[in-house]
2 protein chains.
Amino acid sequence: MLNQLSPLDLAFQALADPTRRAMVERLTRSPASVGDLARPFSMSLPAVLQHLSVLEGSGLVASEKIGRVRMCRIEPAALSLVEQWINARRIEWGRRLDRLGAYLEELKAKGDSDGSNE
Amino acid sequence: MLNQLSPLDLAFQALADPTRRAMVERLTRSPASVGDLARPFSMSLPAVLQHLSVLEGSGLVASEKIGRVRMCRIEPAALSLVEQWINARRIEWGRRLDRLGAYLEELKAKGDSDGSNE
DNA sequence: ATGATACTAAAGTAAATGCTTAACCAATTA
DNA sequence: TAATTGGTTAAGCATTTACTTTAGTATCAT
């Protein structure tokens, strides 16, 4: 089961929910208040607050209360953590294709030198 | 509530679990059997199978049974879906910084031309 | 044929998730 | 000062998630 969650876990979990992803998309354009964030959704304000707290817990979003309105903004560092994980997979995948390519080249060279078909 | 899940939802949800992410990492290096995938984890085989089925459902992994062993491989298209979402956010974020920068430049130009301090 | 191997299916469970409603409080505004 | 606005807290609930154990079913080796 999931006990000590890494920052990467928290980020991926936060982004797994479409509502939260939409909130991140919104905040990527500009900072917004809790009410602003809630407006597009057909759910209660407390529900939105809970999503927001997941986002804050993951480090993807930060917020600050000014007067009676809480302004929220994205925190790009957490997003780039996710980005790095994906990139690492792509790089490894590329390396694999390279190895496979080299192997196929080797096979081909061998095949060209003897009389086997294909 | 979550009803019709988009491919992106499925991919993010699949990657939200550390066990499944580890399985993806393993498969990025080379294809592996169910048993291979299970070995590093201290959980039952059925549990691993369930994780695998989530990964397959998300399109991140494909598998094929040969004899009595099921070989699994990653399916990079689904990963690149996630990558694209992240990139889109980074681009939007960049655009925002550009706008902010332009605004600050404008302020600065104005500030340089009049007598205000700073 | 017998047993071992590799996986699969089914059912059950504790905990987490994504909501809700019903208060509540603290800044504005009238 | 009283009402409104914007947010917050707490409690409760249905569903989903991440497992477990138990009991299979096909292969493959001997």
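Values reported hereafter were calculated over all heavy atoms of this structure, with side chains retained and with hydrogens, waters and symmetry mates removed. Not measured: the values here are computed from a predicted model.
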*In plain terms, say whether A/Glu92 and A/Arg95 are close enough for a salt bridge, that is, a side-chain N and a carboxylate O under 4.0 Å apart.*
yes
*asked:* When you compare the side chain of B/His51 with that of B/Asp17, does any pair of heavy atoms fall below 4.5 Å?
replied: yes
*Separation of B/Leu55 atom CG from D/dT17 atom C1', in whole Å?*
14 Å
*Length of the CG-C1' vector between B/Leu45 and D/dT22, whole Å*: 14 Å
*Does B/His51 have a side-chain nitrogen or oxygen under 4.0 Å from the phosphate oxygens OP1 or OP2 of D/dT17?*
no
*Please tell me which of the listed nucleotides, D/dC19, C/dC19, D/dT17, lies nearest to the side chain of B/Gln13?*
D/dT17
*asked:* Let's see if you can work this out: which of D/dT20, D/dA18, D/dG7 has an atom nearest to the side-chain heavy atoms of B/Asp17?
replied: D/dA18
*d(CG, B/Leu5; P, D/dT15) in whole Å*: 16 Å
*Tell me, for nucleotides 25-30 of chain C in 5' to 3' order, what letter each nucleotide earns: B for a base near a protein heavy atom under 4.0 Å, S for only sugar-phosphate near one, - for neither?*
--BS--
*When the distance from CZ of B/Phe12 to P of D/dT16 is rounded to whole Å, what number comes out?*
22 Å
*Between B/Leu49 (CG) and D/dT20 (C1'), how many Å, whole number?*
14 Å
*To the nearest Å, give me how far apart CZ (B/Arg70) and C1' (C/dT5) are.*
16 Å
*Among side-chain atoms of A/Ser58 and A/Gln13, is any donor-acceptor pair under 3.5 angstrom?*
no
*Tell me, with the steps shown, if B/Phe41 and B/Met23 meet side chain to side chain contact (heavy atoms under 4.5 Å, CB included).*
CA-CA 10 Å; B/Phe41 304 107; B/Met23 288 167 77; 3.8 Å; yes
_Closest approach to the side chain of B/Arg20, judged atom by atom: which nucleotide of D/dT8, D/dC19, D/dA18 is it?_
D/dA18
*Which residues, if any, of residues 28-41 of chain B bring a heavy atom under 4.0 Å of DNA chain C?*
B/Ser33, B/Val34, B/Gly35
*Any donor and acceptor pair, going by atom type alone, linking the side chain of B/Ser80 with main-chain N or O of B/Glu83 inside 3.5 Å?*
no
*Give the nucleotide from the list D/dC19, D/dG7, D/dT20 with an atom nearest to the side chain of A/Lys65.*
D/dG7
*Does B/Glu75 reach the side chain of B/Arg73, with side-chain heavy atoms less than 4.5 Å apart?*
yes
_What I'd like to find out is whether the side chain of A/Ser63 reaches to under 4.5 Å of the side chain of A/Glu56, using heavy atoms alone._
yes
*What is the distance from CD of A/Glu56 to P of D/dG7, rounded to the nearest Å?*
13 Å
*Please give, in whole Å, the distance from C/dG18 P to A/Met23 CE?*
12 Å
*asked:* Looking at B/Ser44, I'd like to know whether one of its side-chain N or O atoms comes within less than 4.0 Å of OP1 or OP2 on D/dC19.
replied: no
_On the side chain of A/Gln50, is there an atom forming a donor-acceptor pair with the base of C/dT20 - under 3.5 Å, no angle test?_
yes
*Between A/Trp85 and A/Phe12, how do the two ring planes meet: parallel, tilted or perpendicular, split at 30° and 60°?*
perpendicular
*Does the side chain of A/Leu15 reach to within under 4.5 Å of the side chain of A/Leu60, using non-hydrogen atoms?*
yes
*With a 4.5 Å heavy-atom cut-off, do A/Val34 and A/Val69 have their side chains touching?*
no
